[in-house]
**Student:** 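So that we are looking at the same thing, I have put the structure below in structure tokens.
Atoms within each ligand, like the ligands themselves, are counted from 1 in listed order. FYI, side chains are in, hydrogens and waters are out, and symmetry mates aren't considered; it's all heavy atoms of this structure.
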Amino acid sequence: MSRFLSDNYKSLVPYVPGEQANVKVIKLNTNESPFAPSPKVKEVLSEQVIDNLNRYSDPELKELTAAIANRFGVTPDMVFCGNGSDDVLAFAIMGFCGKGGKLCCPEISYGFYPVYADIFGVELEQIPLKDDFSIDINDYINKGKNIVIANPNAPTGLALSYDDVEKIVSSNPDNLVIMDEAYMAFCGKSCMELVKKYSNLLVTRTFSKSHSLAGLRVGFGIAQKEIIEDLNKLKFSFNPYNLNTLSIKAAAAAIADNEYYDAKIAEIVEIRDKTQKQLEALGFRCTDSKANFIFASSDKIPAAKLYEELRKRNILIRYFKKAKIDNYLRITVGSAEEMQVFTDAVAQIMEENK
Ligand SMILES: *Cc1c(COP(=O)(O)O)cnc(C)c1O
């Protein structure tokens, strides 16, 4: 630590991302897609676009917000884009909870929520899940605090129903409810429609998981226009050009290509279900994941051991050394070939460690 860091930030415990690999590994640790982005993405990244990089990107992100609005049947003034959905979450937690504000989230959920709460001085309540890792919605009814929930939740993969989301949103009219739908494309019914009915709902999405564009860094939030105006006010006070020109073009092309992504998402879901069955046959318990990852545990081998053994074989998955889930592993769904190598390796390791 230097002598210059503000006292406010000395005790920060930063978010720890899953590692990015250089050597040839099977990478099942950060919930990326195994597939390349839509071919339309390549088409729009033309030489002409590159030659125009001497100009600033459009701070109003008109092309991208229009494409997203069109895709989800909302108006462009209901869309806010960020440099990854992390950027959207950061602006929202900073702006709507703020210093001394109150926020709650599930105790086992996305690791960034506590980090944002900490850096922005927000008082965070982490609400335990039920024993089966599901969220008890009664914990969030009439809560009287801002709420952020990943739906489906990570790393459990479990999803709340549309009706349950509506109960949470409608019972907290004076607080903001952020539904982080990073994995909703794999799940089914987004609560995005509810945005038209409820002024306290912000739904966030990302191109990183379902749209094979984690490296592009684009995410967005959908809410009524007053919330979007506030988010833009914050953005224009902090980093007006938060997306670069290449990201704007590429994401706009991707979000319009439903046909390509619907097929890839269906393929991932199919591979997930098959891999899960294989793991269950090996004696694992898996949650009913609705996301592009599997959350699994076995009494036959400690999760930490299996994680290490897979690592030695250049297969990366995610292990969280955290109470209540420290015998679980989160396995991103890769290609069919990758998952076969993975399950074969797991079977072999189990055999060797009997
Ligand atoms: C991956 C993830 C994000 C962040 O995604 P980016 O758009 O890549 O910043 C947000 N929330 C959850 C629950 C995630 O898993």
**Student:** Could you find the nearest protein heavy atom to atom 4 (C) of ligand 1 and give me its residue, atom name and distance?
**Tutor:**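 The answer is Asp86 OD1, 3.1 Å.
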
**Student:** Applying the side chain to side chain contact (heavy atoms under 4.5 Å, CB included) criterion to Lys143, which one of Val177, Ile127, Asn175 satisfies it?
**Tutor:**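 Running side chain to side chain contact (heavy atoms under 4.5 Å, CB included) over Val177, Ile127, Asn175 with Lys143 returns exactly one hit, Ile127.
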
**Student:** For atom 9 (O) of ligand 1, what's the nearest protein heavy atom and its distance?
**Tutor:**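 The answer is Arg217 NH2, 2.8 Å.
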
**Student:** Under 6.0 Å between the ring centres of Tyr15 and Tyr116?
**Tutor:**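 No, the ring of Tyr15 stays outside the 6.0 Å limit from the ring of Tyr116, centre to centre.
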
**Student:** Do side-chain atoms of Tyr319 reach the backbone of Asp326 as a donor and acceptor pair under 3.5 angstrom?
**Tutor:**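 Judged by distance alone, yes, a pair lies under 3.5 Å.
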
**Student:** In terms of residue, atom name and distance, what is the protein heavy atom nearest to atom 14 (C) of ligand 1?
**Tutor:**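 Closest protein heavy atom to atom 14 (C) of ligand 1: Lys209 NZ, 3.1 Å.
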
**Student:** Short list, please: which atoms of ligand 1 are under 4.0 Å from a heavy atom of Ser208?
**Tutor:**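 Counting from 1, the qualifying ligand atoms are 6 (P), 7 (O), 8 (O).
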
**Student:** By number and element, which atoms of ligand 1 are closer than 4.0 Å to a non-hydrogen atom of Thr206?
**Tutor:**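 The atoms of ligand 1 under 4.0 Å from a heavy atom of Thr206 are 5 (O), 6 (P), 7 (O), 8 (O).
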
**Student:** Could you identify the single nearest non-hydrogen protein atom to atom 15 (O) of ligand 1 and state the distance to 0.1 Å?
**Tutor:**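 Result: Tyr183 OH, 2.5 Å.
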
**Student:** Identify the protein heavy atom lying closest to atom 5 (O) of ligand 1, giving its residue, its atom name and the separation to 0.1 Å.
**Tutor:**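 Sorting protein heavy atoms by distance from atom 5 (O) of ligand 1 puts Ser85 OG, 3.2 Å first.
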
**Student:** Can you list everything that forms a side-chain contact (heavy atoms from CB on, under 4.5 Å) with Val122? Sequence neighbours excluded, please.
**Tutor:**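 Val122: side-chain contact (heavy atoms from CB on, under 4.5 Å) contacts with Ile93, Cys97, Leu103, Ala117, Phe120.
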
**Student:** Tell me, please, which residues at least two apart from Lys130 pass side-chain contact (heavy atoms from CB on, under 4.5 Å).
**Tutor:**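 Here the qualifying residues are Asp132, Ser134, Asp136.
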
**Student:** Just wondering, more than 12 heavy atoms not from Lys40 lying within 6.0 Å of its NZ?
**Tutor:**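 Counting other residues, nucleotides and ligands, NZ of Lys40 stays at 12 neighbours or fewer.
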
**Student:** How far is atom 11 (N) of ligand 1 from its nearest protein heavy atom, and which residue and atom is that?
**Tutor:**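 Here the closest protein heavy atom is Asp180 OD2, 2.6 Å.
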
